[in-house]
Amino acid sequence: MLTVFDHPLIKHKLTVMRNKETGTKDFRQNLDEIGGLMVYEITRDLPLKEVDIETPICAYKGSTLAKEVVIVPILRAGLGVVNGIQNLIPTAKVAHIGMYRDEETLEPHPYFEKYPSCMEDAYVLIVDPMLATGGSSIAAIDMVKRQGSKNIKLVCLVGAPEGVAAVEKAHPDVDIYLASLDDHLNEKGYIVPGLGDAGDRIFGTK
């Protein structure tokens, strides 16, 4: 299932990020804030368990999260989404998947994986600002599924219809969440209108 968020604050902040004049600090800050806004809605189905506690007044039956939350950024741009999610879920664990894209074939090439031990039962959020061809996202989902994960969500800021279709075909059981579904991919595999190279803009490397 594809969900595209229609929220005024997300649209405003994403427009700031799209602007080529926006610097690294403001780009990163708005990315953090959009990540937090999105995850608030994405986690509505997080399972809870009852716990007995004592308030300053009396005994109380409350609720806490029943499953571990694991954030899986696709390096390196995916790291930019982690802080915004951890601000809301500070107990979330962070896995890492390193992957680069061949500029000629556009195919993803994994080079690093590191996971916590709870992947099989965890609520897993794979994060990457861009969903372009879908190749990196499909490869990341494949890798996470090999860890035994079953409850997986793909969280991106900007997606192209081509990438969404590819992920839906390869992994119909994985929900996709976007801040914006853009128009198309250009001949170089970049999202149009997009927001440029998210990794470079997050880390100031270009």
Side-chain angles (χ1 to χ4, degrees), residues 1-18 25-49 62-97 99 114-116 118-132 134 136-137 140-141 143-145 147 149-159 163-164 167-168 171 173-182 191 195 198-199 201-203:
M1 183 181 74
L2 171 66
T3 299
V4 181
F5 290 105
D6 184 21
H7 192 288
L9 288 176
I10 290 177
K11 289 182 175 180
H12 167 79
K13 294 174 187 299
L14 187 56
T15 297
V16 173
M17 292 179 68
R18 290 188 193 273
K25 174 184 174 295
D26 290 334
F27 189 91
R28 210 164 38 218
Q29 180 178 336
N30 280 277
L31 178 55
D32 276 358
E33 292 168 355
I34 292 175
L37 289 166
M38 290 178 67
V39 81
Y40 180 82
E41 293 296 329
I42 291 166
T43 54
R44 281 188 177 275
D45 64 343
L46 264 175
L48 296 171
K49 61 182 178 183
S63 300
T64 62
L65 297 181
K67 288 184 176 290
E68 295 275 11
V69 176
V70 178
I71 310 166
V72 187
I74 301 175
L75 302 180
R76 64 187 165 128
L79 290 173
V81 188
V82 172
N83 285 344
I85 296 175
Q86 281 195 310
N87 285 339
L88 282 183
I89 316 173
T91 57
K93 292 178 168 57
V94 182
H96 293 86
I97 289 178
M99 204 176 299
K114 187 71 174 179
Y115 305 97
C118 60
M119 292 296 291
E120 189 168 344
D121 295 320
Y123 186 98
V124 178
L125 303 173
I126 297 176
V127 298
D128 194 358
M130 315 298 285
L131 174 54
S136 294
S137 295
I141 295 168
M143 294 159 77
V144 167
K145 283 185 173 180
Q147 302 302 310
S149 300
K150 302 172 185 65
N151 192 345
I152 304 168
K153 299 179 187 296
L154 177 64
V155 183
C156 304
L157 258 69
V158 175
V164 170
V167 173
E168 288 178 333
H171 294 287
D173 58 322
V174 174
D175 293 333
I176 304 169
Y177 296 88
L178 299 177
S180 175
L181 181 62
D182 278 17
I191 300 171
L195 45 77
R201 298 193 69 188
I202 291 165
F203 297 109

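What you see below is based on every heavy atom in this structure, not just the backbone, and it leaves out hydrogens, waters and symmetry mates.
Here the closest heavy-atom approach between residue Glu41 and residue Phe5 is recorded as CB-CE2, 3.5 Å. Nearest heavy-atom pair, Asn30 versus Asp26, reported as atom, atom and distance to 0.1 Å: ND2-O, 2.8 Å. Between Leu131 and Ser137, the closest heavy-atom pair is CD1-OG, 3.5 Å. Taking each heavy atom of Leu48 and Ser63 in turn, the nearest pair found is CD1-CB, 4.0 Å. For Ala198 against Pro129, the heavy-atom pair with the smallest separation is CB-CB, 3.8 Å. A pairwise comparison of heavy atoms in Gly80 and Ile202 identifies CA-CD1, 4.1 Å as the closest pair.
The CG atom of Leu125 sits 8.5 Å away from atom CG of Asn151, with the distance rounded to the nearest 0.5 Å. To the nearest 0.5 Å, atom CG of residue Leu31 and atom CD of residue Glu33 are 9.5 Å apart. Note that CD of Glu168 and CG of Asp173 are 11.5 Å apart. Values are rounded to the nearest 0.5 Å. Put simply, CD on Gln29 and NZ on Lys13 are 7.0 Å apart, with the number rounded to the nearest 0.5 Å. Within the model, atoms NZ of Lys150 and CG of Asp121 stand 7.0 Å from one another, a figure rounded to the nearest 0.5 Å. Interatomic distance, NZ of Lys114 versus CG of Leu75, reported as 13.5 Å (0.5 Å rounding).
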Please evaluate residues Leu65 and Tyr123 with respect to the criterion side chain to side chain contact (heavy atoms under 4.5 Å, CB included), reporting the C-alpha separation (whole Å), side-chain torsions for both, the decisive distance (0.1 Å), and the verdict. CA-CA 10 Å; Leu65 297 181; Tyr123 186 98; over 6 Å; no
Run Leu88 and Thr43 through side chain to side chain contact (heavy atoms under 4.5 Å, CB included) and show every step you take. CA-CA 10 Å; Leu88 282 183; Thr43 54; over 6 Å; no
Would Asp128 and Ile126 count as a side chain to side chain contact (heavy atoms under 4.5 Å, CB included) here? Give the steps. CA-CA 7 Å; Asp128 194 358; Ile126 297 176; 5.9 Å; no
Between Tyr115 and Val144, does a side chain to side chain contact (heavy atoms under 4.5 Å, CB included) hold up when you go through it step by step? CA-CA 9 Å; Tyr115 305 97; Val144 167; 4.3 Å; yes
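Residues passing the side chain to side chain contact (heavy atoms under 4.5 Å, CB included) test with Val174, sequence neighbours excluded: Ile141, Lys145, Ile152, Leu154, His171. Applying the side chain to side chain contact (heavy atoms under 4.5 Å, CB included) criterion to Arg18, with sequence neighbours excluded, gives Leu14, Val158, Ser180, Asp182, Pro193, Leu195.
Screening residues 86-96 for side chain to side chain donor-acceptor pair (under 3.5 Å), with sequence neighbours left out, gives Glu68-Lys93.
In this structure, the side chains of Met17 and Ile34 come closer than 4.5 Å at one or more pairs of heavy atoms. When side chains are defined from C-beta on, Val72 does not count as touching Ser149, because their heavy atoms never get closer than 4.5 Å. Between Asp6 and Lys11 the shortest side-chain heavy-atom distance falls below 4.5 Å. At a threshold of 4.5 Å between non-hydrogen side-chain atoms, the residues Ile85 and Val69 do not count as touching. Side chains of Asp45 and Lys153 form a contact here, defined as non-hydrogen atoms less than 4.5 Å apart.
No donor-acceptor distance shorter than 3.5 angstrom exists from the side chain of Lys67 to the backbone of Leu46, with no hydrogens or angles considered.
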